[in-house]
Amino acid sequence: MYAQLVKTDEKRLKSLGEMDPQERAFQGRIDRGEKIEPKEWMPEGYRKTLIRQISQHAHSEIVGQLPEGNWITRAPTLERKAILLAKVQDEAGHGLYLYCAAETLGISRDEMFEQLHSGRAKYSSIFNYPTLSWADIGAIGWLVDGAAIMNQVPLQRCSFGPYSRAMIRICKEESFHQRQGFDIMMKLCKGTEAQQKMAQDALERWWWPSLMMFGPADGDSVHSAQSMAWKIKQDTNDELRQKFVDQTVPQADFLDLKVPDPDLKWNQERGSYDFGEPDWDEFFQVISGNGPCNEERLGARVKAWDDGAWVREGLMAHARKHARRTTLAAAE
Amino acid sequence: MSSEWPLWEVFIRGQHGLNHRHVGSLHAPDAEMAIRNARDVYTRRKEGVSIWVVRSSEITASSPSEKGPLFDPADSKIYRHPSFFDIPDEAGHM
Ligand SMILES: [Fe+2]
Ligand SMILES: [Fe+2]
């Protein structure tokens, strides 16, 4: 999802019997629902997988500001502008909570930025699509933040303390994001014909990328099984995708919008919607850097970082100078 | 040259009358900026009435591997809990 493709280093899942005593004790703690804290012993694989997952998640929050940031200066009213600004500011906050959770595992902030800026680190595919109209801001809040909530709610129970606590904080804030988006959609759908068309067009462009946010089917994947055994993942990608579809289709009906999926239909027996398969070739293209906006997003991020270097260095120089003066004064 | 700002731990008093509680960390060049940044990162919805920041490098923590020797001595001192004593009901509320 915000971390769509997280590999563990495991080739297959070890049974309790195959683990050494330390690993077995660790797995026992996880199974009992204990939280693991940063300075405690953990298998290297657990540490590495979490660093990957949390940093991908953080990068997604940070890059995720860009498509919406595009509309801050173009919001239709001052109130909408203030709301969008607050929403985007929350996403910056989410990135910061997550980066500091990852840092407790022994990776530095600069290292993570370097991975992002060099293109080695992944971030969610969803943020590589363009925001063409104001309705896209509604669709993003409704669908993208909606999908994020689906994924993040179970992560609040993640076995790693700092990640779990960051997720609790984030989940408290996400509901505002989804509701402000749905509110934009409601306004448009009750508006003129042109506004309704805008809303429909946004749903059509964001529907499939939103379903891809959950990542490809991983029911049989070793990585997924290992992550589940470690309780850093709770549901399979397909389970979450299904939940999202079941929740969202009635909302689209409420808005009188048509979900762009000819295979979508209610399945009485399952008590769920059947739906079509996203275009996974497109997904793999986008996640590996070839989406419509990958270059632009990464370019904007790197430029912001580089352009801010003199401020970061200047403030640090000032702080050092000031600290030196204080020590000198104290010595006198 | 890496100019990474130092890491600060942030503690927030949520309401008057409560203790400051650890909420997370952030990077800032100095204490003053750390407080300003903490305001924006951790109290956007009025989650606090007071902020403390401490350089992470200045914190000394107990070591997880010494959890036993450090905390186990309290195990045997259950008389520290009021429920250890049976006081007859007739004695009244106590
Ligand atoms: Fe977020
Ligand atoms: Fe959000």
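Since the model is a prediction, treat every value here as computed from it, not as a measurement. First the proteins, then the strands, lettered A, B, ... as listed; each starts at 1.
Remark: side-chain polar atoms of A/Thr77 are paired, donor with acceptor, to backbone N or O of A/Arg80 under 3.5 angstrom. A/Arg24 places a side-chain N or O within donor-acceptor distance of the main-chain N or O of A/Leu16, the cut-off being under 3.5 Å.
Taking 4.5 Å as the limit, every side-chain heavy atom of A/Trp142 sits out of range of all side-chain heavy atoms of A/Asp183. Looking at heavy atoms from C-beta onward, A/Arg324 lies in side-chain contact with A/Lys321 at the 4.5 angstrom threshold. At a threshold of 4.5 Å between non-hydrogen side-chain atoms, the residues A/Ile170 and A/Tyr97 count as touching. B/Leu7 places none of its side-chain heavy atoms less than 4.5 Å from the side chain of B/Leu26. Two residues are said to be in side-chain contact when any heavy atoms from C-beta on lie closer than 4.5 Å; A/Leu105 and A/Phe160 meet this criterion. Looking only at side-chain heavy atoms (C-beta outward), A/Pro162 and A/Glu37 come within less than 4.5 Å of each other.
Side-chain N/O atoms of A/Gln89 and A/His94 include no donor and acceptor closer than 3.5 Å.
Residues of residues 297-312 of chain A that come within less than 4.5 angstrom of chain B, heavy atom to heavy atom, are A/Arg312 in numerical order. Within residues 70-92 of chain B, no residue has any heavy atom closer than 4.5 Å to a heavy atom of chain A. The stretch residues 48-59 of chain A places none of its residues near chain B, where near means some heavy atom under 4.5 Å from a heavy atom of that chain. Heavy-atom proximity under 4.5 angstrom to chain B picks out A/Glu173, A/Phe176 from residues 173-182 of chain A.
Neither the backbone nor the side chain of A/Thr104 comes within less than 4.5 Å of any heavy atom of chain B. With a 4.5 angstrom heavy-atom cutoff, A/His318 touches chain B only via side-chain atoms. Only the side chain of A/Arg169 comes within contact range of chain B, with at least one heavy atom under 4.5 Å from a heavy atom of that chain.
The minimum heavy-atom distance linking A/Ala102 with A/Ile107 is given by the pair O-CG2, 3.6 Å. Annotation for B/Pro64 and A/Glu40: closest pair CB-CG, 3.8 Å, computed over non-hydrogen atoms.
The 12-atom threshold is exceeded at CZ of B/Arg44, counting heavy atoms of other residues, nucleotides or ligands nearer than 6.0 Å. Shown here is A/His322, whose NE2 atom has no more than 12 heavy atoms of other residues, nucleotides or ligands within 6.0 Å.
Taken to the nearest 0.5 Å, the CD atom of A/Gln65 stands 12.0 Å off from the OG atom of A/Ser60.
A salt bridge does not link A/Arg109 with B/Glu4: every distance from a Lys NZ or Arg NE/NH1/NH2 to an Asp or Glu carboxylate oxygen is 4.0 Å or more. Under a 4.0 Å N-O distance rule, the pair B/Glu47/B/Arg45 does not qualify as a salt bridge.
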Inset, instruction - Just do the side-chain hydrogen bond (donor to acceptor under 3.5 Å, both in side chains) check on A/Gln156 and A/Ser164 with the steps written out, would you? - result: CA-CA 5 Å; A/Gln156 294 179 100; A/Ser164 149; over 6 Å; no

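Using cut-offs of 30° and 60° on the angle between ring planes, the pair A/Tyr46 and A/Phe26 is perpendicular.
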